2 protein chains.
Amino acid sequence: MAVRVTMADVARAAGVSTATVSYVLSGKRAVAGGTRKAVEAAIAELGFTVNTAARSLRTGRSSIVALVVPDLANPFYAQLAASLREELRPLGLHVMVCDTKADRDEERAYLREAVQQRFAGVVITPFRLTAKDFLLLSEAGIPAVVSADLPFGETDLVTPDARAAMRAALTEVTGAGRRRIAMIAGPRDATGGDPRLELLRALAVQFGLSLPGRLVVRGEHTREAGAAGFAHLMGVKHRPDAVFCANDAVAIGAMDKAEELGVGIPGDVALIGHDDASFASLVRPRLTTVRYSAVDVGRAAARLLVERLDGRVTRRTVRVKAEFVPRETV
Amino acid sequence: MAVRVTMADVARAAGVSTATVSYVLSGKRAVAGGTRKAVEAAIAELGFTVNTAARSLRTGRSSIVALVVPDLANPFYAQLAASLREELRPLGLHVMVCDTKADRDEERAYLREAVQQRFAGVVITPFRLTAKDFLLLSEAGIPAVVSADLPFGETDLVTPDARAAMRAALTEVTGAGRRRIAMIAGPRDATGGDPRLELLRALAVQFGLSLPGRLVVRGEHTREAGAAGFAHLMGVKHRPDAVFCANDAVAIGAMDKAEELGVGIPGDVALIGHDDASFASLVRPRLTTVRYSAVDVGRAAARLLVERLDGRVTRRTVRVKAEFVPRETV
DNA sequence: CTGAAAGCGCTAACAA
DNA sequence: TTGTTAGCGCTTTCAG
């Protein structure tokens, strides 16, 4: 047990030096065909696998990329993880998924962890972090890609472009004669406020609508918060006839509560989600939503990260277009 | 940038040796109060974080535990990940979640990876692996905990005890006068067959029912496979009036198809899921299912793993009881 | 209670 | 085209 085969063993078996074994593995130096064959045979024979700890110590960099997200149980992030992994895998990079539960201390702990482990990079959807928290990473020379609306210091950015999609949503909502729009938004203390709310506010004006403070409720990005927020909105006078939600989980929570309260969806109130998480098409009526493609985000983040590892030093931003998905709740 | 602070820096600043710094960190040797204070101050001052690559190289073991699952998008596994992480975190162990998409090559690749990275341990829900594949791990001295029905070689095991729950399900199904039960089971080539199917078969006999081959359909553990399986079952003559599903995703797929086909649930056909994934209570009618607690599995796996790391050498098995959750589809 | 120093396995600069 | 070798930063044995 614990028979560990080292490069030295392989080198001995193949009758070469460890340098040659290393070069066969990395391809960073030409190796004669016969030599390569011998080395490969020895590797197979002995069942050698490189010790990544030694490699990392030597190179000062691990092959792990951390993906830090607020909620793994949200299929959006699960998909993002899958997408990122798929993009990074061919490059020999591994993804370590970290769930922070939207907690700032957890978020920080993972950034710290990234430094400690000398991760190759970090892809993060920050929820309660500030630019200052990213100093740790930049000091350690670890590139970060942020999926958010604004960058943090020198980080690269993957950001949604939801304007057209939201405009389409509002067109549909107002087309059905609805005028009293509301939003169940994210928490007040989230990093950078709530861009989805800001966007809705801005667009509302263009549609001649208003979004008064009493029609904006705030809470976590969870089903429970959605239910609570919807309950509150239904208690307000001149209650809304259309409710935009911070994400699909929130919208589903709102649907739970609507059913409980006997409020008709979309008869009495239209409901618009965000993200198009896998369960959006699962509920009845099917949730109308604004799709933000986790796969596209993963791809973009991977590309940005790889460019950084290849030496790019200037900050870059990639916009990912959102898309209106009309279903049955408007 | 890339200012890396090493233990030597800390030692110098505190006027001690690196050994002392190391012992302050690990607590493996008594250190005088004053010395400890000085070291801690220096660590804080310089912002030192230990280089885990060096540590791993030296100790021959990383602090990462791999959690290898067939489908991260399934909330059951997302929950399992969260649970495992929570249990292992206080021990300084980190969880790396690996999604294999139920593919054997992926599963193997991750076991290989575990060896390469000298992971502290592996927790895995194998889908198409055989005992032989685990040799790699045992040779490298890496403990594995398997979440399945049977162990693989020397691995520890967390296994479901679903007999009582399934019996309750059958009682409810037959109580409603249903006699023609069917199952949309897992793929034929899955490791260890399909224990949920075997259990259903065994229990059916006790209820004086039969589960003929034409009423057993096989497919992946996905919504799509569920839809396809259900479509097939609806085409069979003497079609079933109760369908058990390999997991909840499969059951949801069956519901999709039932709606499309105009088959009433539970009016025409009763539907029973498995796992109680978060979306089981989301669909309408709400899915009746057999709950298998991911949190309990995570806890058990963590405990087994830690015992191994503490030196236990004999194989252990922990049973986790499943529970019947009657909702609206029977 | 503390320090000196070896060495984990690898990479890459330098030498041949 | 290949080999020699220093050294990455840590833990731990041995010595004091």
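Since we're looking at a predicted model, the values are computed, not measured. Each chain gets a letter, A, B and so on, in the order its sequence line appears, and its residues count up from 1.
- Here A:R308 pairs with A:D156 under the salt bridge (charged side-chain N to carboxylate O under 4.0 Å, His left out) rule; sequence neighbours left out.
- One finds a salt bridge joining A:R128 and A:E220 here, because a Lys/Arg side-chain nitrogen approaches an Asp/Glu carboxylate oxygen to under 4.0 Å.
- Chain A approaches DNA chain C over the interval C:dG9 to C:dC14, counting the first and last nucleotide 5' to 3' with an atom under 4.0 Å from its heavy atoms.
- When atom types are taken as modelled, the side chain of A:D296 and the backbone of A:V320 share no donor-acceptor pair closer than 3.5 angstrom.
- In this structure, B:T155 contributes its side chain and B:V145 its backbone to no donor-acceptor pair below 3.5 Å.
- Remark: side-chain polar atoms of B:R104 are not paired, donor with acceptor, to backbone N or O of B:A102 under 3.5 angstrom.
- Two residues, A:T6 and B:V31, neighbour DNA chain C, and the one matched to the more 5' nucleotide by heavy-atom proximity is B:V31.
- A donor-acceptor pair under 3.5 Å links the side-chain atoms of B:R118 to the main chain of B:V115, judged by distance alone.
- Using a 4.0 Å cut-off between charged nitrogen and carboxylate oxygen, B:R85 and A:E106 do not count as a salt-bridge pair.
- The closest donor-acceptor contact from the side chain of B:T317 to the backbone of B:L157 lies at 3.5 Å or more, if one exists at all.
- Axis angle between the ends of the helix from C:dC1-D:dG16 to C:dA16-D:dT1, five pairs each and rounded to 10 degrees, works out to 30°.
- A heavy atom closer than 4.0 Å to some atom of DNA chain C occurs in no member of residues 114-121 of chain A.
- One finds a side-chain N or O of A:S17 lying less than 4.0 angstrom from the OP1 or OP2 phosphate oxygen of D:dG3.
- Environment of CZ in B:R112: sparse, with no more than 12 heavy atoms of neighbouring residues, nucleotides or ligands closer than 6.0 Å.
- The CD1 atom of A:I142 lies 12.0 Å from the CZ atom of A:F134; values are rounded to the nearest 0.5 Å.
- Contact annotation for B:G34: no contact, since no heavy-atom pair falls under 4.0 Å across all strands.
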**OP:** Using a 4.0 Å cut-off on protein heavy atoms (strictly under), produce a 5'-to-3' string for nucleotides 11-16 of chain D with B for base contact, S for backbone-only sugar-phosphate contact, and - for none.
**Re:** BBBB--

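- Residues from residues 41-49 of chain B with heavy atoms under 4.0 angstrom of DNA chain C: there are none.
- Checked by atom type, the side-chain pair B:T52/A:Q117 shows a donor-acceptor distance below 3.5 Å.
- Panel note: side chain B:D149, backbone B:P195; no donor-acceptor pair is recorded below 3.5 Å.
- Under 4.0 Å is where a charged nitrogen must lie from a carboxylate oxygen, and between A:E307 and A:R316 at least one such pair does.
- Put simply, the side chain of B:D103 never gets that close to the backbone of B:T100: no donor and acceptor are under 3.5 Å apart.
- A donor-acceptor pair is defined here as one N or O able to donate and one able to accept, closer than 3.5 Å; no such pair exists between the side chain of A:E87 and the backbone of A:G298.
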